[in-house]
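Here is the structure we will look at.
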2 protein chains.
Amino acid sequence: MSANPASNANPPAPESGVSASASASPSPTFSPLYQQIKGLITQSLESGEWKPGEIIPSEVELAARYKVSQGTVRKAIDELAADNLLVRRQGKGTFVATHNEERAQFRFLRLLADDGAEHPHVSRLLECRRLRASADIARQLDLRPADPVVLIKRLLQFDGDSTVLDEIWLPGGVFRGLTAERLAEYKGPLYAMFEAEFGTRMIRASEKIRAVAAEPAVADVLHVPAGFPLLSVERVSYTYGDRPVEVRRGWYVTTGYYYQNDLS
Amino acid sequence: MSANPASNANPPAPESGVSASASASPSPTFSPLYQQIKGLITQSLESGEWKPGEIIPSEVELAARYKVSQGTVRKAIDELAADNLLVRRQGKGTFVATHNEERAQFRFLRLLADDGAEHPHVSRLLECRRLRASADIARQLDLRPADPVVLIKRLLQFDGDSTVLDEIWLPGGVFRGLTAERLAEYKGPLYAMFEAEFGTRMIRASEKIRAVAAEPAVADVLHVPAGFPLLSVERVSYTYGDRPVEVRRGWYVTTGYYYQNDLS
DNA sequence: TAGTGGTCTAGACCACGTC
DNA sequence: ACGTGGTCTAGACCACTAA
C-alpha cells in the first residue's frame with residue numbers, strides 16, 4: 001500500500017532496557033524479547049511486588065516500563081496466563097492468580113462423585129509436627145538429609161465419608177511459623193494459606209499414581225478393611241523456578257468417587 | 001513517527017470471505033475473525049484436504065485464501081498447534097499432527113517404570129468381534145442401543161510383564177472394515193491405525209481413574225491373584241466436534257510402573 | 001466517558017531449513 | 001538464495017467494565 005520508498009520502519013535504536021545478545025553473538029544464546037519480559041514479570045511476581053489477587057500494571061504501562069511495544073508485553077502476559085500465573089479480565093485488567101478461585105480448587109484435587117458432580121469437602125487435621133528429613137524426602141525437596149521439615153497428616157471427608165488421607169512434607173525453612181493451631185484456624189485450601197501466609201505459590205505439580213492395598217494403619221483411618229484397593233498418589237509440587245516445595249503422599253478411597261483426568 | 005494526518009489505516013472494506021455478524025447485529029453473536037479461520041482450517045483437516053503428516057499451505061497462502069492478514073492466520077494456527085492438531089516446524093512449514101510421533105505416544109498412555117523411564121511395550125490381541133451396543137456403551141458413544149459396535153480386547157506387555165488389559169468399544173459404522181486380521185498386521189499405535197485406515201483422529205480423551213480389586217477373569221489374564229489392587233481407567237475419546245468415538249476400559253498393574261500425571 | 005484487554009492489520013527483520 | 005515460521009513494532013478499532 002504505502003508507496004514510500006526507503007522504507008525501514010521499526011528496528012528502534014537498541015536502547016531497550018533488555019537485549020537479546022550482548023555483543024557480536026548472533027544466535028547461540030538467542031532469547032526472544034517477550035521471553036525476557038516474561039522473566040522480568042515473573043521476578044516481580046516472585047518478589048511480591050504484585051501479590052496474589054492484586055491487579056498488575058496495564059499492558060501500556062508495562063510496555064513503557066520495559067521499553068518495548070505493547071504487543072511484546074501482550075505475548076509475555078499471554079504465556080503467563082496460559083501457565084496460570086496471571087488471569088486476564090477484559091475491561092478490568094490483569095490479576096495475579098490465586099488458589100482461592102473456584103477453578104484453582106479443582107486443578108489440584110480432581111476428585112468427582114460417580115455422577116460427575118464436584119462435592120465440597122472438609123479437612124480434618126490429624127497431625128502436624130516438625131522433624132528431620134529422611135534421605136528420600138530430602139532428595140525430593142532438594143534439601144540435605146536431616147534438614148528440618150514439617151509433616152502434616154490430614155483427612156478429607158466428602159459428604160461425611162473419609163475419602164482422602166494425606167501426608168504432606170514441607171521444607172522447615174520456608175514454612176517456619178507453621179503450627180497445628182494456624183492450620184486449624186485457617187479456612188479454605190491449603191495452597192491458599194501457603195501463598196497468603198508464607199509467600200509460597202504452588203505453580204505446578206507432578207503425580208505418580210498407583211493402585212495399592214491399604215495397610216492396616218491407613219485402612220483404619222479411612223474406615224476400610226485392610227487390603228482394600230486404594231489410589232496412591234505421590235505428588236511433588238513446584239514453585240517459581242521449578243523449585244520443589246512440597247512432597248505429598250495421598251491415599252484415595254475411590255468407591256463413589258473417581259480421579260478425573262483429561263488427556264489433550 | 002509518520003506525521004501523516006487523516007490517519008485511518010487498516011479497516012479494509014468488509015469484503016472478507018468470512019464475516020463476524022451478518023447484518024446489523026453488533027455484538028450478540030460476535031466471533032473473532034481468527035476463530036472463524038480456525039474453524040475453516042479445522043474443516044479442511046476433518047474433510048481430509050490435508051492428511052495426517054502432510055504439510056499444510058504456508059501462512060501467507062492461507063492468508064491470501066481467506067482474505068485476512070498473516071497475523072490472523074497465525075493466531076488461528078497458534079491455537080490449533082496448542083490443541084495438538086497441527087505441528088509447527090520453523091523453516092519448514094506447518095504439518096498435520098499424527099499419532100505416529102514419539103511425543104503423541106506418551107500423551108495417551110502415561111505409564112512409566114518406577115525409575116521414571118519410558119519402556120517400550122508390545123500389544124497382544126486377545127479378541128476382536130462385532131456385537132450390539134449395550135445401553136451404557138451406546139449412551140457413551142452417542143449411538144442408539146443395539147447399534148453395531150466393535151469390541152477389542154488386548155493385552156499390553158512391558159518388558160514381558162503383562163501390565164495392561166484393555167477393552168475397547170468402537171462405533172461399528174465408522175470402523176466398518178476393522179477385523180482381527182487387520183489389527184494383527186498393523187504395527188504401531190492403535191490410534192495411528194485409526195487415523196490412517198479409518199480417517200478417525202482422536203483429539204482428546206477424558207479418563208475416570210479408580211483403584212479396584214481384580215476380578216478373577218481379569219486377574220487371570222494379568223497374572224495377578226484375584227483381589228489384587230489394579231488401576232481402573234475408563235476412557236472416552238473424542239474426535240472433531242467433540243464427538244465420542246471410543247470407549248475404553250483398562251486395568252493397569254501398577255507394581256513396577258506408575259501412571260504419570262502433571263497438574264499445571 | 002475513559003481505561004482495560006481483545007482483535008486485526010501491515011510491514012520489517014530474524015532464525016532456521018533446504019536447495 | 002529463497003521460503004518458512006518466529007519476533008517485534010505501530011497503530012487503529014472493538015468489546016467490556018466502571019465511574
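A quick note: this is a predicted structure, and the numbers were derived from the prediction, not measured.
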Specify the separation, in whole Å, of atom [atom1] of [X] and atom [atom2] of [N].
X	N	atom1	atom2	value
A:Ile77	C:dT4	CD1	P	12 Å
B:Phe95	C:dG17	CZ	C1'	10 Å
B:Gln70	D:dG3	CD	C1'	12 Å
A:Glu79	D:dG6	CD	C1'	12 Å
B:Asp78	D:dC8	CG	P	14 Å
B:Leu33	C:dT9	CG	C1'	11 Å
A:Gln35	C:dA15	CD	P	15 Å

**Report entry** Qualifying salt bridge (Lys or Arg N to Asp or Glu O under 4.0 Å) pairs, either residue in residues 186-195 of chain B, two or more places apart
**Finding:** B:Glu195-B:Arg201
Requested in this report: Could you note down all residue pairs passing salt bridge (Lys or Arg N to Asp or Glu O under 4.0 Å) where residues 45-56 of chain A supplies at least one of them, sequence neighbours left out?
Outcome: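 For residues 45-56 of chain A, and leaving out neighbouring residues, the salt bridge (Lys or Arg N to Asp or Glu O under 4.0 Å) pairs sorted by first residue read A:Glu46-A:Arg243, A:Glu49-A:Arg65.
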**Report entry** DNA chain D contacts among residues 41-62 of chain A, heavy-atom distance under 4.0 Å
**Finding:**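 Per residue number, the list is empty: none.
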Query raised in the report: Is there a residue in residues 81-90 of chain B whose heavy atoms reach under 4.0 Å of DNA chain D, and which residues are they?
Result: B:Arg88, B:Arg89, B:Gln90
**Report entry** Lys NZ or Arg CZ of B:Arg204 over B:Tyr238 ring: under 6.0 Å, within 45°
**Finding:** yes
Report task. Could you list the residues that satisfy ring-ring contact (aromatic ring centres under 6.0 Å, His included) with B:Tyr186, not counting sequence neighbours? Result ->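 Per chain and number, B:Tyr186 pairs via ring-ring contact (aromatic ring centres under 6.0 Å, His included) with no residue.
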Requested in this report: Return the set of residues passing ring-ring contact (aromatic ring centres under 6.0 Å, His included) with A:Phe106 (not counting sequence neighbours), or none when no residue passes.
Outcome: none
**Report entry** Counterpart residues, salt bridge (charged side-chain N to carboxylate O under 4.0 Å, His left out), relative to B:Glu59 (two or more places apart)
**Finding:** B:Arg74, B:Arg88
Requested in this report: For B:Asp83, check salt bridge (charged side-chain N to carboxylate O under 4.0 Å, His left out) against everything at least two apart and list the hits.
Outcome: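 Counting only residues at least two positions away or on another chain, B:Asp83 forms a salt bridge (charged side-chain N to carboxylate O under 4.0 Å, His left out) with B:Lys38.
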Would you say [N] has OP1 or OP2 under 4.0 Å from some side-chain N or O of [X]?
X	N	answer
A:Ser69	D:dA10	no
A:Lys75	D:dC8	no
B:Arg74	D:dG6	yes

Query raised in the report: Under 3.5 Å, is there a donor-acceptor pair linking the side chains of B:Ser206 and A:Gln260?
Result: yes
Selection from [options] that lies nearest to any side-chain heavy atom of [X]:
X	options	answer
A:Pro32	C:dC8, D:dT7, C:dG5	D:dT7
B:Thr72	D:dC8, C:dC8, D:dG5	C:dC8
A:Lys92	D:dA18, D:dA15, D:dT9	D:dA18

Query - Test side chain to side chain contact (heavy atoms under 4.5 Å, CB included) applied to A:Ser58 - qualifying residues, sequence neighbours left out - result: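 Listed in chain order: A:Val60, A:Glu61.
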Query raised in the report: Between A:Tyr252 and A:Tyr257, is the ring centre distance below 6.0 Å?
Result: no
Report task. To the nearest 10°, let me know how far the axis at one end of the helix from C:dT1-D:dA18 to C:dT18-D:dA1 is tilted from the axis at the other, five pairs an end. Result ->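 One end axis against the other gives 10°.
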Requested in this report: Could you list the residues that satisfy side-chain hydrogen bond (donor to acceptor under 3.5 Å, both in side chains) with B:Asp142, not counting sequence neighbours?
Outcome: none
Please list every donor-acceptor pair under 3.5 Å in which a side-chain atom of residues 94-101 of chain A meets a protein atom from a residue at least two apart or in another chain.
residue: A:Thr98; atom: OG1; partner: A:Gly53; partner atom: N; Å: 3.1
residue: A:His99; atom: NE2; partner: A:Met202; partner atom: O; Å: 3.0
residue: A:Glu101; atom: OE1; partner: A:Arg103; partner atom: NH1; Å: 3.0
residue: A:Glu101; atom: OE2; partner: A:Thr98; partner atom: N; Å: 2.8

